[in-house]
Asker: 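Quick one: structure below, then a few questions.
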2 protein chains.
Amino acid sequence: MPKLGMEPIRKAALVKATIVEIGRAGSLDVTVSQIAKRAGMSSALAHHYFGSKEDIFLAAMRHILSLYGAEVRGALAASACNPEARLQAIVRASFTPGNFRREAIGAWLNFYVLAQTVPEARRLLSVYQRRLRSNLLACLRPLVGTRADAVAAGLGALIDGVYLREALKEGPPDSASAVATVMEFVASETGKRN
Amino acid sequence: MPKLGMEPIRKAALVKATIVEIGRAGSLDVTVSQIAKRAGMSSALAHHYFGSKEDIFLAAMRHILSLYGAEVRGALAASACNPEARLQAIVRASFTPGNFRREAIGAWLNFYVLAQTVPEARRLLSVYQRRLRSNLLACLRPLVGTRADAVAAGLGALIDGVYLREALKEGPPDSASAVATVMEFVASETGKRN
DNA sequence: TTTTTTATTGATCCGTCAATCAACAAAAAG
DNA sequence: CTTTTTGTTGATTGACGGATCAATAAAAAA
């Protein structure tokens, strides 16, 4: 008994299921059938709404990236105006429980891999990186002046690296210690120590 | 015309070919046939020497990790005794042209992914991480005392993060700028800035 | 009411790939 | 020599998975 206007609902369910499945499998070796099953439909329907498996992956990636973007935007809007506070808001947003659940981290790591092969994935990733970088620069310039460029590069890489480690370690990811590790770097670079 | 004592030669060729192919493909989606072809033999022979595809991957991973280990050992042996010099030696070794070519970086990234699925891969990776961490700690304790733990965590993550970025960026990897990014962090943490 | 559009699936096609096997060749061992 | 061990491959098997299609059903449009 087909209800109408299913397309957005089905697509959303597939995107969600894709992220979960990738996180579970710890790799992109996930079949369309698995994804469709988790989303409660047949694999044929998944192919109907998205043209191909790659399209499903890209949609999932867009979703994760846009979630992260929204998180950062929200944190910045709610933060005070001084650079230190805004910097901390960005870092916190990067490690919010939302995109810091095991499944999200796993998906993110695997999307990095996807970006090596699929140009569109690489494009999406570079958009995110540019935005992060520009946000960081805006906060860093008042704090470290001409060194802002170098510090932003280090900070960006550090955030990614902490992600990586959390994705691989045995126990559950620890948001607080991730933030602490990054903020330690910030404190040291902005000369806010002893 | 079979020469004798082929086993180690064939195995080495397969390991090398595996790393190249993974680097080229930018993923673990590499067929045994591709690997065998690049190594100049049939896929059946690859299965003859290694039991399975997974065994080939693990051998390749061991090879990369042992190369890196040797690089670090060599750099430490050749370095002066003061902590700063040893720290720099470790960082330099991490970004040596040898394990910093595109193919090696790509392979490394994909081995991270493999570690999510294959326990033995995870074990190998954690051995490397522990060794790196202990080397870093030995250098850092005289420099930053009780903060050594936190700084080592940051440094390790930063090195991984820089790897990640180099694996994804457009042009050829830039060893010098990678070292500079990491050493910037070190300098700032050890208070060696004006 | 007829027609078209949307939703949905089971069955199927076609390609790929890891793994196995039978067979052959040459060196070493006996 | 003949037997065993080592090296090597082409062909084959068996499973899996992405994509397609025909068929069905219901809502909306005509």
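No experiment lies behind these values; they were computed from the predicted model shown.
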Asker: What's the CG-C1' distance between A:Leu4 and C:dT8, to the nearest Å?
Answerer: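 My rounded result for the distance is 13 Å.
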Asker: For D:dT6, does OP1 or OP2 lie under 4.0 Å from any side-chain N or O of B:Arg10?
Answerer: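 False: B:Arg10 side-chain N/O out of range (4.0 Å or more) of D:dT6 OP1/OP2.
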Asker: For A:Arg10, is there an ion pair with A:Glu7 - N to carboxylate O distance below 4.0 angstrom?
Answerer: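 Salt bridge: no.
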Asker: Give me, pair by pair, the N or O atoms of the protein and of nucleotides 16-22 of chain C that are less than 3.5 Å apart, along with how far apart they are.
Answerer:
from, atom 1, to, atom 2, distance (Å)
C:dA18, OP1, B:Lys53, NZ, 2.6
C:dA18, OP2, B:Val32, N, 2.9
C:dA19, OP2, B:His47, NE2, 2.9
C:dA19, OP2, B:Lys53, N, 3.0

Asker: CE of B:Met6 versus C1' of C:dA26: gap in Å, rounded?
Answerer: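 One finds 13 Å between C1' of C:dA26 and CE of B:Met6, rounded.
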Asker: Output the distance between atom CD (A:Glu84) and atom SG (A:Cys139), rounded to the nearest 0.5 Å.
Answerer: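 Output value for this atom pair is 9.5 Å.
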Asker: Got a list of side-chain donor-acceptor pairs under 3.5 Å for residues 17-25 of chain B, not counting sequence neighbours?
Answerer:
from, atom 1, to, atom 2, distance (Å)
B:Thr18, OG1, B:Leu14, O, 2.6
B:Glu21, OE2, B:Arg38, NE, 2.3
B:Glu21, OE2, B:Arg38, NH2, 3.0

Asker: Take the protein atom CG of A:Leu45 and the nucleotide atom C1' of D:dA23, then report the distance between them rounded to whole Å.
Answerer: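 Nearest whole value for this atom pair: 15 Å.
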Asker: According to salt bridge (charged side-chain N to carboxylate O under 4.0 Å, His left out), who are the partners of A:Glu120, at least two apart in sequence or on a separate chain?
Answerer: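 Scan of A:Glu120 (salt bridge (charged side-chain N to carboxylate O under 4.0 Å, His left out), adjacent residues dropped) gives A:Arg62, A:Arg123.
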Asker: Which atom pairs, donor and acceptor, lie under 3.5 Å between side-chain atoms of residues 173-181 of chain B and protein residues at least two apart or in another chain?
Answerer:
from, atom 1, to, atom 2, distance (Å)
B:Asp174, OD1, B:Ala176, N, 3.1
B:Asp174, OD1, B:Ser177, N, 3.2
B:Ser175, OG, B:Phe95, O, 2.7
B:Thr181, OG1, B:Ser177, O, 3.0

Asker: Expected output is a numbered-order residue list: members of residues 11-27 of chain A with a heavy atom under 4.0 Å from any atom of DNA chain D. What is it?
Answerer: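 Output list: empty, so none.
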Asker: For B:Glu166 and B:Arg102, what are the C-alpha separation, side-chain angles and deciding distance, and is it a salt bridge (Lys or Arg N to Asp or Glu O under 4.0 Å)?
Answerer: CA-CA 8 Å; B:Glu166 291 295 330; B:Arg102 213 171 220 358; over 6 Å; no
Asker: Partners of A:Arg133 by salt bridge (charged side-chain N to carboxylate O under 4.0 Å, His left out), sequence neighbours excluded?
Answerer: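 Partners of A:Arg133 by the salt bridge (charged side-chain N to carboxylate O under 4.0 Å, His left out) criterion, ordered by chain and then number, come out as A:Asp149.
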Asker: Taking OH from A:Tyr49 and P from D:dT20, how many angstroms apart are they, rounded to a whole number?
Answerer: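 Atom OH in A:Tyr49 sits about 17 Å away from atom P in D:dT20.
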Asker: Can you tell me the distance, in whole Å, between the CG atom of A:Asp29 and the P atom of D:dC16?
Answerer: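 Atom-to-atom, A:Asp29 to D:dC16, this comes out as 14 Å.
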Asker: Please classify the nucleic acid contact of B:Phe50 as base, sugar-phosphate, or nothing, using heavy-atom distances under 4.0 Å.
Answerer: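 Here B:Phe50 touches no strand at all.
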Asker: Find the distance B:Lys37:NZ to D:dT9:C1' and express it as a whole number of Å.
Answerer: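 Going from B:Lys37 (NZ) to D:dT9 (C1'), I get 15 Å.
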Asker: Let me see the working for B:Tyr68 and B:Thr96 under side chain to side chain donor-acceptor pair (under 3.5 Å), right down to the final yes or no.
Answerer: CA-CA 9 Å; B:Tyr68 173 68; B:Thr96 272; over 6 Å; no
Asker: Which of these, A:Trp108, A:Tyr112, A:Phe111, sits in a ring pair (Phe, Tyr, Trp, His ring centres under 6.0 Å) with A:Tyr128?
Answerer: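 Exactly one pass, corresponding to A:Trp108.
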Asker: Provide, to the nearest angstrom, the distance between the CD1 atom belonging to A:Ile9 and the P atom belonging to C:dA7.
Answerer: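 Computing the A:Ile9:CD1 to C:dA7:P distance gives 9 Å.
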